[in-house]
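Read through the structure below, which is laid out as structure tokens, and then see the notes.
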Amino acid sequence: KSITNGLTETLSFASHPLFSTLTHIRGLSTAYKVTSRILWVLLRQYLGCGLRCLRLRGLLLSARGGSFLSESWLKALATKCPRLSKLYLLHADLRSLSSCQLLPPSLQVLELRGCELPRSFFNQALPTSPAQERAEATSSVGAQQKGQDQKGKKLGTPSGIPIETLVLNNVPSFTDQHLQSLTSWERLSRLELRDTFRITANGLRSCAAKDGICGVEGLSRLKFLEIGITGRQGYQSQMASLGLGAGWLGLEELSLGGKEVGPGLLCASRLKDLKRLRLWACTLSEMQIVRSCRMLRGLRRLEFLDVSFQPRQCPPVLEGEGGGEEEQGSEEAAGGDSNNDENKTLDVNDPIPSVRRSLAVLLPSCTLVFTNCSVQINAD
């Protein structure tokens, strides 16, 4: 009865005899702000061991504000929901949490959207007091545990934070320091950075997987990386994708969006293991695409999403200089079809035929995908 009306409607099916308990629920989503009091009611009366996915909206944009995830609630969540693997937080103030290791250890996917983070949130080890450190160092149990950890590292067994996918969407407090902390995550294979305006090229370069004195250093297990800036007003793009110019061992899939597409394409040829490239929410010219993809011989999939293509610009023809034959020759060289140019009728899956033909020659083993793309047509 203490739950709000909206929450009651969301969980109304719990009154059905088949769902007398919510131990079999696999996912729960709240589209409204949730207080800490409601979270405790949810956890004690409704959530159970069947929960796999949890989506919560916090109070960061609320007039009341404040944090709603406490350390005690997260510990109770880990105990009651041992199978929870996906956690999505929207507008949550996490500055009251010292580290992400307070989150349930069963998590594999963590998505933060519009959240605020403390400086040491992604650190591998929880902060301890000097007295605790001395006690652990002198205890036989602590020494035995330390030896097991070192043995596990030698055998190459992943340990520590189990998160494999981390998504950061419009998190202004995420900095190069947070990114550097992720290098200690031994299971992180997918990282998505969208509108993280404080990430710089130097920060990305320092975290790239590369050969070091003790083997591969940096984010060595990362297979997928996304960097995108959508051009929000009030922020200046850092062009973080320029950090890819140092190369990235093992990176197989790259997604670039917005203002990061241009600088990222300049550095994509340095990614020797790259097999899939995705470009989204940007404007590209045919010449820019051809020049950038000329060196990507190992590419197996190239995807364009919400891309506006600029057609090839023909030089102006002066009156009385036989422009008809020259214009026809330029169209044939570009592989264009005069009928298609007149009718301006383009297939949704093939917005610029000349781009497809050019890429087919450069990348014969690559699959091309065009989704929701368009062509800019000059009025002149």
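Quick note: residue numbers are just sequence positions, from 1. Heavy-atom basis, side chains included; hydrogens, waters and symmetry copies ignored.
Side-chain contact between L179 and L191 is present, with heavy atoms from C-beta onward closer than 4.5 Å. The side-chain heavy atoms of F304 and L284, taken from C-beta on, include a pair separated by under 4.5 Å. The side-chain heavy atoms of F197 and P172, taken from C-beta on, include no pair separated by under 4.5 Å. L225 is not listed as a side-chain neighbour of L219, based on a closest heavy-atom distance of 4.5 Å or more. Counting heavy atoms from C-beta on, the side chains of S374 and S308 come closer than 4.5 Å. Put simply, the side chain of C115 does not reach to within 4.5 Å of the side chain of F121, judged on heavy atoms. Between C267 and L242, some side-chain heavy-atom pair lies under the 4.5 Å cut-off. You'll find the side chain of D273 stays beyond 4.5 Å of the side chain of W248, heavy atoms only.
In this structure, L305 and R278 approach most closely via the heavy-atom pair CD2-NH2, 2.9 Å. Residue L244 comes nearest to L271 through the heavy atom pair O-CD2, 4.0 Å, listed as atom of the first residue, atom of the second, then distance. Scanning both residues, S365 and R300, for their nearest heavy atoms gives O-CD, 3.7 Å. The shortest non-hydrogen separation linking L256 to S241 is CD2-CB, 4.2 Å. Between T283 and Q288, the closest heavy-atom pair is O-OE1, 4.2 Å.
Remark: of the listed residues R301, K223, E303, R301 is the sole one forming a side chain to side chain contact (heavy atoms under 4.5 Å, CB included) with R276.
Linking Ile, Leu, Val, Met, Phe, Trp and Tyr residues whenever their side-chain heavy atoms come within less than 4.5 Å places F309 and L302 in a single cluster. Using a 4.5 Å cut-off between side-chain heavy atoms of Ile, Leu, Val, Met, Phe, Trp and Tyr, with links allowed through other members, I199 and L182 fall into the same hydrophobic cluster. Taking hydrophobic clusters as Ile, Leu, Val, Met, Phe, Trp and Tyr residues chained together by side-chain heavy-atom distances below 4.5 Å, V290 shares a cluster with V261. In terms of hydrophobic clustering, with Ile, Leu, Val, Met, Phe, Trp and Tyr side chains grouped at heavy-atom distances under 4.5 Å, L90 and L112 are assigned to different clusters. Under the 4.5 Å side-chain heavy-atom criterion for ILVMFWY residues, a single connected hydrophobic cluster contains both L51 and W73.
Distance SG/C282 to CG/L265: 7.5 Å, rounded to 0.5 Å. Note that CG of L89 is 6.5 Å distant from CG of L110, once rounded to the nearest 0.5 Å. Remark: L59 CG to L61 CG distance equals 9.5 Å, nearest 0.5 Å. Of the inter-residue distances, the one linking E286 atom CD with Q310 atom CD reads 11.5 Å to the nearest 0.5 angstrom. Taken to the nearest 0.5 Å, the CD1 atom of I161 stands 8.5 Å off from the CZ atom of F122. Annotation: the span from I289 atom CD1 to L362 atom CG amounts to 11.0 Å, rounded to 0.5 Å.
A donor atom on one side chain and an acceptor atom on the other are found under 3.5 Å apart for H178 and T175. There is no side-chain donor-acceptor pair under 3.5 Å between S99 and N123. Remark: the T165 side chain and the R190 side chain contain no N/O donor-acceptor pair separated by less than 3.5 Å.
D176 places a side-chain N or O within donor-acceptor distance of the main-chain N or O of T200, the cut-off being under 3.5 Å. Distance alone, capped at 3.5 Å, is enough to place a donor-acceptor pair between the R52 side chain and the G50 backbone. With hydrogens and angles disregarded, no donor-acceptor distance shorter than 3.5 Å links the side chain of E192 to the backbone of N169. Between the S358 side chain and the V355 main chain, no donor and acceptor come within less than 3.5 Å of each other.
In this structure, K210 places its NZ atom where more than 12 heavy-atom neighbours from other residues, nucleotides or ligands lie under 6.0 Å away.
Ion pairing between R194 and E226 holds under the 4.0 Å rule for side-chain N and carboxylate O.
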